[in-house]
Amino acid sequence: MNDSQIVDIYLMREEAAITYTSEKYGSRLYSLAYGIVNDSQTAEECENDTYLAAWNAIPPHEPRTYLYPFLARIVRHISLNICRFLNDWASILQLRFSLLASY
């Protein structure tokens with residue numbers, strides 16, 4: 001199935017669009033997420049969040065000729081946001097432990 005047909009299914013709001021997207025691009029999206037987060041469970045969550053974000057974004061957008069770059073951008077942003085969140089959380093914990101150690 002080509003990208004234009006998949007986008008048409010998204011526009012018809014049929015859940016099969018997510019299945020077709022997963023079959024065609026799932027492994028590439030997972031690999032991209034895994035390369036950023038370096039954790040398989042988190043990469044799977046990023047991939048799944050990408051499908052939801054695509055579901056919500058495609059009615060105003062119609063990425064018929066650039067579906068994979070559209071999805072890759074979404075998964076990259078989701079993965080980077082998770083890394084930022086985890087990094088911020090680690091910094092907070094490190095600060096707390098250093099403050100406790102000083103007492």
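In this chain, residues are counted from 1 in sequence order.
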Item checked: Where Leu11 and Pro59 come nearest, the two heavy atoms and their spacing -> CD2-CA, 3.9 Å
Next item on the list: Hey, could you give me the CE/CD1 distance between Met1 and Ile9, rounded to the nearest 0.5 Å?
Entry: 4.0 Å
Next item on the list: Would you give the length of the straight line joining atom CH2 of Trp55 to atom CD of Glu14, rounded to the nearest 0.5 angstrom?
Entry: 8.0 Å
Check: Can you tell me how far CG of Asp49 sits from CG of Asn81, rounded to the nearest 0.5 angstrom?
Finding: 10.5 Å
Margin query: If we check side-chain contact (heavy atoms from CB on, under 4.5 Å) with Lys24, which of these qualifies: Thr19, Leu29, Leu71, Asp3?
Written below: Asp3
Notebook entry, point to check: Shortest non-hydrogen contact from Ala43 to Val37?
Noted result: N-CG2, 3.8 Å
Margin query: Tell me if a side-chain donor or acceptor on Thr50 pairs with a main-chain N or O of Cys46 at a distance below 3.5 Å.
Written below: yes
Margin query: Using every non-hydrogen atom in the two residues, find where Val7 and Glu62 come nearest and quote the distance to one decimal.
Written below: CG1-CA, 4.2 Å
Margin query: Going by the rule side chain to side chain contact (heavy atoms under 4.5 Å, CB included), which residues pair with Leu80 if we only count those two or more places apart in sequence or in a different chain?
Written below: Ile36, Arg76, Arg84
Checklist line | Hphob cluster co-occupancy, Ile6 + Leu52, side-chain heavy atoms under 4.5 angstrom | finding: no
Next item on the list: State the OH-CG distance between Tyr51 and Asn48, to the nearest 0.5 angstrom.
Entry: 7.0 Å
Checklist line | Cluster check Tyr30, Ile74: I/L/V/M/F/W/Y, side chain < 4.5 angstrom | finding: no
Next item on the list: Could you tell me the separation between the OG1 atom of Thr42 and the OH atom of Tyr34, rounded to the nearest 0.5 Å?
Entry: 10.0 Å
Next item on the list: To the nearest 0.5 Å, tell me how far Glu47 CD sits from Thr21 OG1.
Entry: 10.5 Å
Checklist line | Whether Tyr66 and Phe70 hold their rings parallel, tilted or perpendicular, with breakpoints at 30° and 60° | finding: perpendicular
Checklist line | Over 12 foreign heavy atoms within 6.0 Å of CZ, Arg64 | finding: yes
